[in-house]
Amino acid sequence: MRAGHANIDGMATFTVRDIPDLSGKLAVVTGATGGLGLETALGLAGAGAEVVLVGRNPAKGRDAAALIRDRHPAAKVWFEQVDLASLASVKEFADEMLGEGRPIDILVNNAGVMALPKRQTTADGFEMQFGTNYLSHFALTARLLPLLRSGQARVVQLASIAHKGGAIRLDDLNYAAGYKPWPVYQQSKLAMLMFAIELQRRSDAQGWGLTSVAAHPGYARTDLIANGPMVDSGLALEGLRRLFRPLIEPLVSHDAAAGALPILMAATQPNVTPGGYYGPQGWQDLKGPPGPARISPQALDTGVAARLWTVSEQFTGLTFG
């Protein structure tokens, strides 16, 4: 650690200065053109990692790369256009990375959508939140596994405090019936946390050599919030929304840079707990310095995790190992 004053036992002091030297390391960050993904990429690039910015929008990708180079002139960073609502697009990107054959040291599965007011589907017909937030990252990790088996790779799944109220609806994961924005988002983030834990379990059993962890940003002020539950709220809630954002939200939230710290901790600290979970330590886990986060009991259900894994393999047509 360059600053030498923070570790997993002393997290209150963790900042980007405590990221170890990542020179020569290759990192892939999905959803890296804004918000948490961009802040994560900035932290990794600032520590010397070569960073692949994965996102849908080339213009935003160019801007993100330019911003990182402006902050860190020596940064090695490039953008790859990937639509995580398309398994074919995920395959195309993974095939490109496999073709290059370079081991990936850090994979941060960050991209996502939040609480879409109306049910939408991905290019493959999956419910959009489940398909984008979770299933695409399951597929990406499976395809990149040959590059993650160096014995040193770190894989980080982005979960959420929303997982606490989530349930895996195994009989209808795609919410063909009874779609509601928030429960569907909660399911997708619970799935991500369970994926992180199950990936570590299977890596240990199969000898993949991964360190699989999950992280959440608490309540981070990003476009994900503004474009998710803050839109189409209805006239009855418009007044509350206008009151909440300037007066209440700052008290219970932090900015994207602070929200990215648990992600960076999970991605870079040498003594993280395999299969662990990291997030803000403040009130209700909404904000504050990063450290170990609380895992809700349903996320530790190994039976459900195994069934979710099997269904995910069936949906994607992919297997690990």
With sequence neighbours excluded, what pairs up with [X] under the side-chain contact (heavy atoms from CB on, under 4.5 Å) test?
X	answer
E127	R119, Q129, F130, N174, Y179, V184
T319	E313
D204	Q200

Steps toward side-chain contact (heavy atoms from CB on, under 4.5 Å) verdict (Q269, N271): CA-CA 6 Å; Q269 293 303 281; N271 51 346; 4.2 Å; yes
Mutual orientation of the aromatic rings belonging to F195 and Y134 [parallel < 30°, tilted 30-60°, perpendicular > 60°]: perpendicular
Listed partners of D95 passing salt bridge (Lys or Arg N to Asp or Glu O under 4.0 Å), at least two apart: K91
Partners passing salt bridge (Lys or Arg N to Asp or Glu O under 4.0 Å) against R202 (at least two apart in sequence or in another chain): E198
How close do [X] and [Y] get, counting heavy atoms only, and between which atoms?
X	Y	value
R69	V77	NH2-O, 2.6 Å
G288	P280	O-CB, 3.7 Å
D172	A177	OD2-N, 3.1 Å
G31	N110	O-ND2, 3.1 Å
A142	P146	O-CD, 4.2 Å
S23	D21	OG-OD1, 2.7 Å

Test ring-ring contact (aromatic ring centres under 6.0 Å, His included) applied to [X] - qualifying residues, sequence neighbours left out:
X	value
Y277	H163, H216
F126	F315
W208	F320

Would a distance-only check, ignoring hydrogens and angles, find a side-chain to backbone donor-acceptor pair under 3.5 Å from [X] to [Y]?
X	Y	result
Q187	R169	yes
Q186	K164	no
Q281	G291	yes
Q152	G209	no
R71	A66	no
T122	D124	yes
D105	A27	no

Qualifying ring-ring contact (aromatic ring centres under 6.0 Å, His included) pairs, either residue in residues 42-84, two or more places apart: none
side-chain contact (heavy atoms from CB on, under 4.5 Å) evaluation trace for L199 with I197: CA-CA 5 Å; L199 180 60; I197 297 169; over 6 Å; no
Side-chain donor-acceptor pair present, N133, S188, cut-off under 3.5 Å: yes
Which distance, rounded to the nearest 0.5 Å, do you find between the [atom1] of [X] and the [atom2] of [Y]?
X	Y	atom1	atom2	value
K60	R62	NZ	CZ	12.5 Å
L173	L308	CG	CG	6.5 Å
K76	I68	NZ	CD1	15.0 Å
T316	H137	OG1	NE2	13.5 Å
R149	L210	CZ	CG	8.5 Å

When clusters are formed by joining ILVMFWY residues with side-chain heavy atoms under 4.5 Å apart, either directly or through shared neighbours, do [X] and [Y] land in the same one?
X	Y	value
M97	L87	yes
V155	L140	yes
W309	L145	yes
W182	L193	no
M192	V113	no

Contact check, side chains of [X] and [Y], non-hydrogen atoms, under 4.5 Å:
X	Y	answer
S150	I104	no
V28	E80	no
S89	L84	no
V82	T30	no
T33	N57	no
L261	P290	yes

For residues 37-56, which side-chain donor-acceptor pairs fall under 3.5 Å, sequence neighbours excluded?
{"residue": "T40", "atom": "OG1", "partner": "L36", "partner atom": "O", "Å": "2.8"}
{"residue": "E50", "atom": "OE1", "partner": "R102", "partner atom": "NH1", "Å": "2.6"}
{"residue": "E50", "atom": "OE1", "partner": "R102", "partner atom": "NH2", "Å": "3.3"}
{"residue": "E50", "atom": "OE2", "partner": "R102", "partner atom": "NH1", "Å": "3.4"}

CA sep, side-chain torsions, deciding dist, call: T211, V272, side-chain contact (heavy atoms from CB on, under 4.5 Å): CA-CA 9 Å; T211 299; V272 296; 4.0 Å; yes
Without placing hydrogens or testing angles, list every side-chain donor-acceptor pair under 3.5 Å for residues 299-306, not counting sequence neighbours.
{"residue": "D301", "atom": "OD1", "partner": "G303", "partner atom": "N", "Å": "3.0"}
{"residue": "D301", "atom": "OD1", "partner": "V304", "partner atom": "N", "Å": "3.0"}

Enclosure of E92 CD (heavy-atom neighbours >12, cutoff 6.0 Å): no
Where at least one partner belongs to residues 153-162, residue pairs that pass side chain to side chain donor-acceptor pair (under 3.5 Å), sequence neighbours excluded: N109-Q157
